[in-house]
Amino acid sequence: MPWYLYYALKQLFPSKKVISYFSMISIIGVALGVSVLIIVQSVMNGFGENIRRHLAKTHGDIIIYSSEGLLQDWGGLFEELSSDKSIKQVSPYIESILMVQSEFSTAFPYIRGINVRNSGPNDLALPIDEFIVAGSYESLNDETIFLGVPLADKLNVNIGDSVALYSPKLLEYLTEEEWLFPKEFVVAGLLQTGSPKVDENLVIGSLGGTQDLLEAENEITGFLIKLWNEDERAIESTKALLQNRMGDYEESLLVKNWMDMNADLLFILEQEKMVISFIIIFIILVASFSIAVALTLSVIRKTREIGLLNALGAESWQIALCFCLQGLFIGLVGSLSGIAFAFLVLENRDALFGAYLWLMNSNDVQFLGVYDLYSIPVKYLWKDFIQVFLLSLIISFSAALIPALKAAKLKPSEALRYE
Amino acid sequence: MSSKGDILISGKDLWKSFTSGDDEVSIIKGLDFSLAQGESISIMGDSGSGKSTLLNLLSGLDCLDKGSLKWKERSIDNLSSSTLSSLRRSFIGFVFQSFYLVPDLTVYENLYLSAKIGSKNMSRDVIHKRIKKYIEKVDLKDREQHSVTTLSGGEKQRVAIARALICDPLIIFADEPTGNLDDHSSKEILELLLSLVEIEKKSLVLVTHNSDFAQYTNKKLFLKNGTFYD
Ligand SMILES: Nc1ncnc2c1ncn2[C@@H]1O[C@H](COP(=O)(O)OP(=O)(O)O)[C@@H](O)[C@H]1O
Ligand SMILES: [Mg+2]
């Protein structure tokens, strides 16, 4: 072991103590910076991932619809899509805005009719059964509907109650003062997708029942498609392929994936992550500043020792290396313990968060429920870890560089005189 | 090896001044110096007369304003600081007034560090044996694993003497080695230093305020106004 490595190690871990005070302070500084970075990134990733998964679930992987209204002869297209190897499920659907009236209130949600006649809950492109909080999938037929929970609350109806549905056409006739009756449907189930915005406007009916209601004999709005491979890149490339094929088939057909349909939200998420990472760089800078301060103080404190090393025959570059190595060690140990600490916090996040809410005396635990995230989501990305680790090593090393050069530049005769 | 009588250090017309604020103060003014193999020289002088400055110049820790300096016939005036450092390792060992031991290290580790810096090609084993040998010579066997901060002044200076000898230099520079010690330890330390220098056949430059101590050296020099008075 060259002497400068020996000396650097002894400075950090003197034989008679476990660790020197100054190195401990710097290590804690780095560890805190690194752990904050990792905790925030992992939670951000977790939130992002949750929101994405949720969006994918409520929108289906890919949706195909016509820019010119309803599709009439869709049987061939359905067959073709169903036989595609990359496609797991194809669900024809029909969608429209409508008016719902209960004894107490009126609302204008969207209804989506799905094909329940020959398909179980697992044959649909949307996991309807996962959203059901009351009632059962089997009870959905041409005379029944499911309502989103907030919508049912607004209409003040429950399972078994009837509501009146007015299609847009019916409303048009009514303004022409024709005497027509709305269609009565029985509420057979309540749904909660997790996002209130969706649930507030959510009516699910059977395909046939909805077609009847909308006077759209065997017509559909389009297809919801679920792929075998739900990786975002796979979804993009399948979308491109489908786009080509649909273009050949019928020019008015549009192919969109869930990312397209939520482009605004995803853009905001991306922006948010970027801004937060940017802000966090400053935390790392603060931590590295603490290394620089600690090492600078140590250079000043050890000025005479540096003079002594010179007298003993040490060369300047070796002395500089001493301090850089100390910085590197601090960075290394600090980063590793920071990562460990971050893991500890993240793995116990629910308990910690609970304790935090309790301390803050917050009755507001509800707000997390909004996005169905009773537990703080976390996603570990190795890429982030490695990036943070390298970043902190580089910064620690550079932070040590200035005091190291200062030490190397000290004139031995003056260093020895230093009081 | 140099035989007794070879000139180890020779300085001709050495000059050094410092600027403090706007004033330039000349400390060493055209002084000649030479040290032979096995010779011991004591330098006395008032505090602030430039004794330490002279040692720094002679050991290449500080640079001359003017003059020429040779180590064993080799001019060191234009050497780079790293060449100087590597020459110094095997040439001069230092003992300072305030010990300058590395505080967080033990006695053994202080010697080990010095040996590691001073010798590129000593094996671990050889270093270990030398450390053991010198710890015994300065009578600190039972303190070997103690942190140097727990030692008394006299003990610290004994560590420093062992450290100065560990790399087997030709010369020992002792800058007021007893300056921080009580009378009793002073005598002890000086005797130890002189006897080791004698046994190991080192040259010695001893800066001291004590004219009794100066008696023990071959030559006495008195530094005043930047030059020597005999
Ligand atoms: N690096 C320096 N910068 C400015 N002045 C110095 C420096 N080194 C020494 N001096 C001055 O030179 C004078 C001699 O100092 P020094 O050699 O330490 O004296 P001594 O060792 O004889 O007590 C003192 O007045 C001191 O202030
Ligand atoms: Mg002095």
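On a predicted model such as this, the values are computed, not experimentally measured, just so you know. Below, chain A is the first sequence line, B the second, and so on; all start at residue 1.
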Contacting region of Gln318(A) [heavy-atom separation from chain B under 4.5 Å]: side chain
side-chain hydrogen bond (donor to acceptor under 3.5 Å, both in side chains) partner of Tyr108(B), the single match among His146(B), His128(B), Arg143(B), Lys132(B): His128(B)
Highest number of heavy-atom pairs under 4.5 Å with chain A: which of Cys63(B), Ser85(B), Ala164(B)? Ser85(B)
Which one wins on heavy-atom pair count under 4.5 Å against chain A: Tyr112(B), Phe173(B), Phe96(B)? Tyr112(B)
Heavy-atom proximity to chain B below 4.5 Å, by part of Leu308(A): side chain
Taking the six-membered ring of Tyr134(B), is the NZ or CZ of Lys137(B) close enough (under 6.0 Å from the centre) and on axis enough (within 45°)? yes
Determine whether Ile39(A) and Leu346(A) make a side-chain contact, defined as any pair of heavy atoms from C-beta on separated by less than 4.5 Å. yes
What class does the angle between the rings of Trp382(A) and Phe385(A) fall in, given that below 30° is parallel, 30 to 60° is tilted and above 60° is perpendicular? perpendicular
Using heavy-atom distances under 4.5 Å, tell me whether Arg124(B) contacts chain A through its side chain, its backbone, both, or neither. neither
Is it the side chain or the backbone of Ser81(B) that comes within 4.5 Å of chain A heavy atoms, both, or neither? side chain
Pair Ser80(B), Thr83(B): side-chain N/O donor-acceptor within cut-off below 3.5 Å: yes
Contacting region of Ser82(B) [heavy-atom separation from chain A under 4.5 Å]: both
Where the side chain of Asn56(B) meets the backbone of Asp62(B), is there a donor-acceptor pair that is under 3.5 Å apart? no
Please look at Ile117(B) and chain A and tell me whether the side chain, the backbone, both or neither of the residue comes under 4.5 angstrom of a heavy atom of that chain. both
